[in-house]
Amino acid sequence: MVWWFYVPNIVFGEDALTELEQISGKKAFIVTDRVINSLGLAEKVCRILTERQWEAAIWDGVEPDPKVSTVKAAAEAIKMFGADWIIAVGGGSVMDTAKAAWVLYEKPDVELHALTPFDELGLRKKAKLICIPTTTGTGSEATKAIVIRDDETGRKFATINPELTPDIAILDPEFVVGLPRNLTAYTGMDALTHAVEGYVSVWKNDFSDGCSLQAVKMIFEWLPKSVDNLTDLESREKMLIAACLAGMAFGNSQAALAHSLGHSMGSVLRTHHGMSVGMALPYTIEFNCRGKENEEAAKQYSELARLIGITGKKPETVSLKFAGAVRELMKKIGSPQSFKEAGVKKKDFNAGLENMVDFAMMDTSLTMNPRNIDSEEIRKMYRYMYDGTVIDF
Ligand SMILES: NC(=O)c1ccc[n+]([C@@H]2O[C@H](COP(=O)([O-])OP(=O)(O)OC[C@H]3O[C@@H](n4cnc5c(N)ncnc54)[C@H](O)[C@@H]3O)[C@@H](O)[C@H]2O)c1
Ligand SMILES: [Fe+2]
């Protein structure tokens with residue numbers, strides 16, 4: 001069997017942005033959102049290029065959890081401008097919009113819903129892609145994945161294609177210094193969920209394992225520091241690297257149940273992606289490690305647990321302690337552990353529950369979960385997650 005490991009060229013560290021002085025091209029189209037644009041981050045990129053006689057344009061039309069229509073608008077703007085480089089400056093929403101718009105710019109007939117990992121797109125005939133993350137979580141700068149929202153149903157769908165791996169990822173800590181406390185916590189939980197799910201996914205491999213192990217170790221060490229001190233460049237840089245490593249991990253092995261549950265929460269209740277998948281993570285560990293038939297997953301969680309000093313003989317017990325440690329971390333950084341804590345009203349939860357269950361069952365991440373789950377169990381899990389009850393089934 002043949003396997004591949006896809007990653008972009010990664011430039012990191014203070015002054016990583018100066019990499020832009022090394023690339024050759026003429027026309028850069030910068031994709032961003034209004035918040036990031038108002039912080040002057042897109043302008044910083046633009047200036048480096050225009051000083052070197054490039055033509056550059058900034059498009060700041062991305063919204064959180066971007067819709068297909070937003071992607072189409074971005075693609076149209078890129079076409080009008082005629083870029084040879086597309087540069088995403090933003091969080092996962094911006095980077096996914098840029099990736100998807102790039103596909104439509106090069107291949108206008110592609111139906112994003114129908115895109116599969118096996119399609120030969122033939123990208124890079126018109127432009128290449130640089131991603132500069134401004135959040136420390138999604139790792140989209142290192143993945144071949146996009147997550148887009150359907151305009152009609154509101155359902156977020158994730159798809160992968162190897163050609164979507166960006167050409168260059170620039171990890172410059174200056175770009176995440178302004179990230180507020182709650183988003184630092186939530187996006188950090190997204191990174192942890194990628195690292196953990198990448199390690200237990202049925203597509204795990206030795207390369208993704210290496211990235212997961214280092215990412216888990218770094219996130220437990222640096223996420224609390226990064227949340228406590230928003231201007232500390234060292235912890236910001238470490239979280240940028242950890243998030244990218246976690247992206248390299250799950251991007252090459254895939255996410256699992258916590259992402260199916262989280263995507264569906266985001267689709268129906270419009271909760272932040274990292275907060276949603278992070279909230280789901282400990283419950284999914286408790287579900288996946290249970291019983292003799294799930295001992296393999298329990299052993300894998302135990303290996304992660306050992307990294308943060310948790311020991312014990314029985315893998316299931318160690319895994320449950322690991323889920324407890326994830327809950328502790330969430331408490332420390334102020335990331336909600338239940339729908340209730342996240343401020344979701346019971347009536348909104350009940351009204352959205354069936355939709356969440358249906359969407360979770362359709363989510364591609366479910367395929368890679370180490371334990372099979374049916375819709376009744378997903379419904380039950382969501383109900384446990386409402387109050388914060390530890391999974392016992
Ligand atoms: N493609 C992938 O591999 C992948 C992986 C995980 C998540 N995702 C997707 O990414 C999206 C979530 O991305 P995200 O968590 O990075 O958030 P985001 O991009 O949706 O941004 C959330 C908010 O944070 C603001 N923001 C971003 N950077 C900031 C900064 N430096 N300072 C101040 N505010 C800033 C944005 O303007 C926005 O209002 C979801 O749609 C999710 O499904 C994609
Ligand atoms: Fe994620």
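Given the structure is predicted, the values throughout are model-derived calculations rather than measurements. We count ligands from 1, going down the list as the structure has it; atoms in each ligand are counted the same way.
The 12-atom threshold is exceeded at NZ of Lys346, counting heavy atoms of other residues, nucleotides or ligands nearer than 6.0 Å. Within 6.0 Å of CG on Asp374 lie more than 12 heavy atoms contributed by other residues, nucleotides or ligands. Counting heavy atoms of neighbouring residues, nucleotides and ligands inside a 6.0 Å radius, atom NZ of Lys238 does not exceed 12 of them. Applying the 6.0 Å contact sphere to NZ of Lys72 captures no more than 12 heavy atoms from other residues, nucleotides or ligands.
For ligand 1, the polar-atom distance check finds an N/O of Ser140 within less than 3.5 Å of one of the ligand's N/O atoms. Distances between N or O atoms of Ala145 and those of ligand 1 include at least one value under 3.5 Å.
Both the backbone and the side chain of Thr134 come within 4.0 Å of ligand 1, judged by heavy-atom distances. Contacts of Thr138 with ligand 1, taken as heavy-atom pairs under 4.0 Å, involve both backbone and side chain. Here His194 has side-chain heavy atoms under 4.0 Å from ligand 1, and that is the only part of it that gets that close. Contacts with ligand 1 closer than 4.0 Å are made by backbone heavy atoms (N, CA, C, O) of Phe175 only, the side chain lying farther away. When heavy-atom distances to ligand 1 are checked against a 4.0 Å cut-off, Phe157 has no atom that comes that close, whether in backbone or side chain. In Asp65, the parts holding a heavy atom less than 4.0 Å from any atom of ligand 1 are both the side chain and the backbone.
Taking the six-membered ring wherever Trp is involved, the centroid distance between the rings of Phe359 and His263 does not fall below 6.0 Å.
In terms of protein heavy-atom proximity, atom 17 (O) of ligand 1 is nearest to His272 NE2, 3.6 Å. The protein non-hydrogen atom at the shortest distance from atom 43 (O) of ligand 1 is Lys156 NZ, 3.1 Å. Protein heavy atom nearest atom 29 (C) of ligand 1, with residue, atom name and distance: Leu179 CD1, 3.6 Å. Closest to atom 23 (C) of ligand 1, if we only count protein heavy atoms, is Leu183 CD1, 3.8 Å. Of all protein heavy atoms, the one lying nearest to atom 3 (O) of ligand 1 is Thr143 OG1, 2.7 Å. Ranking the protein heavy atoms by distance from atom 42 (C) of ligand 1 puts His273 CG, 3.4 Å first. The closest protein non-hydrogen atom to atom 13 (O) of ligand 1 is Gly92 N, 3.1 Å. Nearest protein neighbour of atom 18 (P) of ligand 1, counting heavy atoms only, is Ser93 OG, 3.5 Å.
Looking at Val35, Asp33, Thr136 and measuring to atom 36 (C) of ligand 1, the nearest heavy atom belongs to Asp33. If you check each of Val62, Asp96, Asp190 against atom 6 (C) of ligand 1, the one with the closest non-hydrogen atom is Asp190. Among Thr187, Leu39, Val94, Ile160, the residue whose heavy atom lies closest to atom 32 (N) of ligand 1 is Leu39. Nearest-heavy-atom check against atom 33 (C) of ligand 1 across Gly137, Pro180, Gly266 picks out Pro180. When the heavy atoms of Pro66, Pro64, Ser267 are ranked by distance to atom 39 (O) of ligand 1, first place goes to Pro64.
Judged purely by atom type and a 3.5 angstrom limit, Glu197 uses its side chain to pair as donor or acceptor with the backbone of Ala258. The backbone N or O of Ala255 lies less than 3.5 Å from no partner atom in the side chain of Ser201, so there is not a single donor-acceptor pair.
Judged by distance alone, the side chains of Asn161 and Thr159 never bring a donor and an acceptor atom under 3.5 Å apart. Side-chain N/O atoms of Arg371 and Thr284 include no donor and acceptor closer than 3.5 Å. In this structure, a donor-acceptor pair under 3.5 Å is absent between the side chains of Tyr301 and Glu316.
Proximity of atom 21 (O) of ligand 1 to the protein is not indicated, since no non-hydrogen protein atom lies closer than 4.0 angstrom.
A 4.5 Å side-chain heavy-atom check between Glu174 and Leu233 finds at least one atom pair inside the cut-off.
Among Arg149, Lys156, Arg155, the single residue meeting the salt bridge (charged side-chain N to carboxylate O under 4.0 Å, His left out) criterion with Asp65 is Lys156. Residue Phe322 forms a side chain to side chain contact (heavy atoms under 4.5 Å, CB included) with just one option from Leu307, Thr317, Val196, and that option is Val196.
Atoms OG and CZ, on Ser253 and Phe207 in that order, are 13.0 Å from each other to the nearest 0.5 Å. Between atom CE of residue Met95 and atom CD1 of residue Ile146 there is a gap of 13.5 Å, rounded to the nearest 0.5 Å.
Shown are the protein N/O/S atoms under 2.8 Å from the Fe ion (ligand 2), given by residue and atom: Asp190 OD1, His194 NE2, His259 NE2, His273 NE2.
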Audit row: Lys340, Asp387, salt bridge (Lys or Arg N to Asp or Glu O under 4.0 Å) steps and yes/no: CA-CA 6 Å; Lys340 213 187 221 171; Asp387 293 314; 3.5 Å; yes
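Met95 does not count as a contact of ligand 1, since none of its heavy atoms falls under 4.0 Å from the ligand.
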